[in-house]
Amino acid sequence: METSAAPKAAALDGTLRAVIAADRLAISEAGEGKELLHSRLVVFYAYFAAFGLCGTVFSRLRTPPVDPEKFAFVLDMQLACAMALCAVFVSLKYWIRETPAMRAIDLFATAVVATTAVVALYVVPRTLSVDVTVVSFFILFFVLRAALVPSKPWQATLVATVSAIPFTIGFAAMYTRADVFEPQAATLAAMRAMFGGIVGVYIVSKTIYGLRQVVQHVVQLGQYVVHEKIGEGGMGAVYRASHAMLKRPTAIKLISPEHASEVAVARFEREVMAASRLTHPNTVAIYDFGRTRGGVFYYAMELLDGQDLGRLVEKEGAQPLSRTLDILTQLTAALAEAHDAGLIHRDVKPQNIMLCTRGGMSDFVKVLDFGLVKDVSTPEAAKLTREMSVAGTPLYMAPETILASDSVGPPVDIYAVGGVAYFLLCGRAPFEGSSSVELWANHLHTVPDPPSRHARVPAEVDELVMQCLAKDPTKRPSARELRQRLLALSGGQLAAPVA
């Protein structure tokens, strides 16, 4: 897993799409969405209440452009509309907090504004200034509403379209009453202007609503901001992320929704909590874990820069004996701490062992993905773990895992260490097969060739690797014993951290 690429916006891969689908609430239903809706409605109606009051004062100070009596009536309507908007603002500011009530008073205020404009069109004799003012007000009101009030694009567009109907009727009545030449053409001209406003409403609402959905649901998971996908396994996907406040680089693993039954999530929570107790420097550190609002389980761990052993052998081939012993010594040190704590990794393989640089030390081993870890420290923990019938990777799976996965112990990790050692020394796994069934049969019944058949390996190393790959788990060494023997083989000069 190389992690040198620059962070970028998280792509909506299948796992993340499923998580978002499970997590998504309608904006008006989410707690933070309700607060956003309330604050935006307060701002919107504060603006238009002030706009209405100022417009009324300005209109009363100027000379009536049309019939004074009718103009005075329109001013009274305008004042009543402004006062209604003020009442809506005060109600939202101090009393109304629930989403249905906020949506209802928003629709009421929109209806009041539309009714006032239509009455003005019907009462006031036609002048060009009236035409322009009403159309401009329509566009300003609904486009600004789409920008400020969180609504789905189709909802904002529907409200604007329905409101355009009485506006159109008002224009048609005004042009007919004023005996305008070709009143239908004049009405169509006003409708085209309002249609442009409706298109603007849709574009603005779709842009802002879409951006908010991306920011809220795609990028943010709990306290972490997701940047890009960096890996995927059978149980979920791993993403490069960072802590929202600390800005610390982090890796987030999401458990795929198809694996997120109640029992499975309970097991993962217990196992991740157990794995977080591990403190050995060769074990990847787990920072945090939790669930999204939709119940999807995730955990956060340290983000590593380096390459796994699978990629190493793919690029460089079989590894020198000294380097192999160094890697295995660090690996067994990490496993020894886990086994002492009653934890079994169960998926030791080259892809879960990464070589990094730490404190100026190259080839620093980090053991990854304790996602299949089994806690055998208590009967309750062992019972939860039994849900997974067969755990691990077929190339490195111990025989007892295939026969009775619910009763495995630390020797399954030692068997996998033997497979990893074989892979590093020979550039190939102990067994090869075209299917999982064939590989399982080999693990159960076939004794692999000793590493010396494929590489120049001392007899002592041959013997140790074959002992790790013994069919009988009682004949395999413990992690601590294996580490001591590896140190002895390397002359005790390895730069491995002391367990």
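Scope of the values below: all heavy atoms of this structure, side chains included, with no hydrogens, waters or symmetry mates.
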Notebook entry, point to check: Are F364 and L355 close enough, and set up right, to give a side-chain contact (heavy atoms from CB on, under 4.5 Å), and what steps lead you there?
Noted result: CA-CA 5 Å; F364 194 96; L355 298 183; over 6 Å; no
Notebook entry, point to check: What distance separates L368 CG from M354 CE, expressed to the nearest 0.5 Å?
Noted result: 5.5 Å
Next item on the list: Could you tell me the separation between the OG1 atom of T332 and the CD atom of E337, rounded to the nearest 0.5 Å?
Entry: 12.5 Å
Check: Between I353 and V348, which heavy-atom pair has the shortest distance, and what is it?
Finding: CD1-CG1, 4.2 Å
Item checked: Heavy-atom check, side chain of D326 versus side chain of S490, under 4.5 Å -> no
Item checked: Ring centres under 6.0 angstrom apart (H443, Y415) -> yes
Check: If you draw a 6.0 Å radius around OH in Y287, do more than 12 non-hydrogen atoms from other residues or ligands fall strictly inside?
Finding: yes
Next item on the list: Just do the salt bridge (Lys or Arg N to Asp or Glu O under 4.0 Å) check on R346 and D413 with the steps written out, would you?
Entry: CA-CA 6 Å; R346 296 203 299 168; D413 287 344; over 6 Å; no
Notebook entry, point to check: Is H339 reaching over with its side chain to a backbone N or O of A479, donor-acceptor style, under 3.5 angstrom?
Noted result: no
Next item on the list: May I ask you to check whether F48 and F141 place their ring centers less than 6.0 Å from one another?
Entry: yes
Next item on the list: Let me see the working for T110 and R145 under side-chain contact (heavy atoms from CB on, under 4.5 Å), right down to the final yes or no.
Entry: CA-CA 10 Å; T110 302; R145 183 183 182 280; 3.9 Å; yes
Next item on the list: Go through S151 and R103 one step at a time and tell me if the side-chain contact (heavy atoms from CB on, under 4.5 Å) criterion holds.
Entry: CA-CA 10 Å; S151 300; R103 291 294 188 189; 3.2 Å; yes
Note to self: Let me confirm one number: the CG-OH distance from D462 to Y422, rounded to the nearest 0.5 Å.
What the structure shows: 8.5 Å
Next item on the list: Identify whether the distance between the nearest side-chain nitrogen and carboxylate oxygen of E302 and R358 falls below 4.0 Å.
Entry: yes
Item checked: Whether N282 side chain and V365 backbone form a donor-acceptor pair below 3.5 Å -> yes
Notebook entry, point to check: If we only count heavy atoms from C-beta on, is the P249 to R240 side-chain gap below 4.5 Å?
Noted result: no
Notebook entry, point to check: With a 4.0 Å cut-off, would you call R323 and E316 a salt bridge?
Noted result: yes
Next item on the list: With the side chain counted from C-beta on, respond yes when P350 and V313 share a heavy-atom pair under 4.5 Å apart, and no when they do not.
Entry: no
Note to self: For a side chain to side chain donor-acceptor pair (under 3.5 Å) check, start with the C-alpha distance between D106 and Y45, then their side-chain angles and the critical distance, and finish with the verdict.
What the structure shows: CA-CA 9 Å; D106 176 38; Y45 284 107; 2.5 Å; yes
Next item on the list: Please step through side-chain contact (heavy atoms from CB on, under 4.5 Å) for the pair F142 and I198, ending with a clear verdict.
Entry: CA-CA 8 Å; F142 287 102; I198 293 172; over 6 Å; no
Notebook entry, point to check: Would you say the side-chain atoms of T157 pair up with the backbone N or O of P153, donor to acceptor, closer than 3.5 Å?
Noted result: yes
Note to self: Please give me the minimum heavy-atom distance between L328 and A421, naming the atom from each residue.
What the structure shows: CD1-CB, 3.4 Å
Next item on the list: Answer yes or no: is there a donor N or O on one side and an acceptor on the other, between the side chain of K471 and the main chain of T446, under 3.5 Å?
Entry: yes
Note to self: Counting C-beta onward and ignoring hydrogens, is there a side-chain heavy-atom pair between D288 and Y299 closer than 4.5 Å?
What the structure shows: no
Next item on the list: Of all the heavy-atom pairs spanning M301 and T250, show the shortest one and how long it is.
Entry: O-CG2, 3.3 Å
Next item on the list: Answer yes or no: is there a donor N or O on one side and an acceptor on the other, between the side chain of T401 and the main chain of M397, under 3.5 Å?
Entry: no
Notebook entry, point to check: Does a side-chain heavy-atom distance below 4.5 Å link M102 with H38?
Noted result: yes
Margin query: How about CD on E481, more than 12 heavy atoms from neighbouring residues, nucleotides or ligands closer than 6.0 Å, or not?
Written below: yes
Notebook entry, point to check: Under 4.5 Å between any side-chain heavy atoms of R480 and D340, yes or no?
Noted result: yes
Checklist line | Expected output: side-chain E400 to main-chain A398 donor-acceptor under 3.5 Å | finding: no
Checklist line | Side-chain donor/acceptor of N352 to backbone N/O of D347, under 3.5 Å | finding: yes
Checklist line | V465 versus G418, closest heavy-atom pair with distance | finding: CG1-O, 3.8 Å
Checklist line | Exercise: identify the closest heavy-atom pair between S478 and I414 | finding: C-CD1, 4.1 Å
Notebook entry, point to check: Is the shortest heavy-atom distance from the side chain of S436 to the side chain of P394 under 4.5 Å?
Noted result: yes
Checklist line | Side-chain donor/acceptor of K349 to backbone N/O of G419, under 3.5 Å | finding: no
Item checked: Spatial distance of atom OG (S205) from atom CH2 (W154) [nearest 0.5 Å] -> 11.0 Å
Next item on the list: Kindly give the heavy-atom pair with the smallest separation between R476 and P399, and that separation in Å.
Entry: NH2-CD, 3.6 Å
Next item on the list: State the CD-CD distance between Q307 and Q351, to the nearest 0.5 angstrom.
Entry: 12.0 Å
Notebook entry, point to check: Distance from S91 atom OG to K93 atom NZ, nearest 0.5 Å?
Noted result: 13.0 Å
Notebook entry, point to check: Taking the side chain as C-beta and beyond, is there a heavy-atom pair between K366 and T283 under 4.5 Å?
Noted result: no
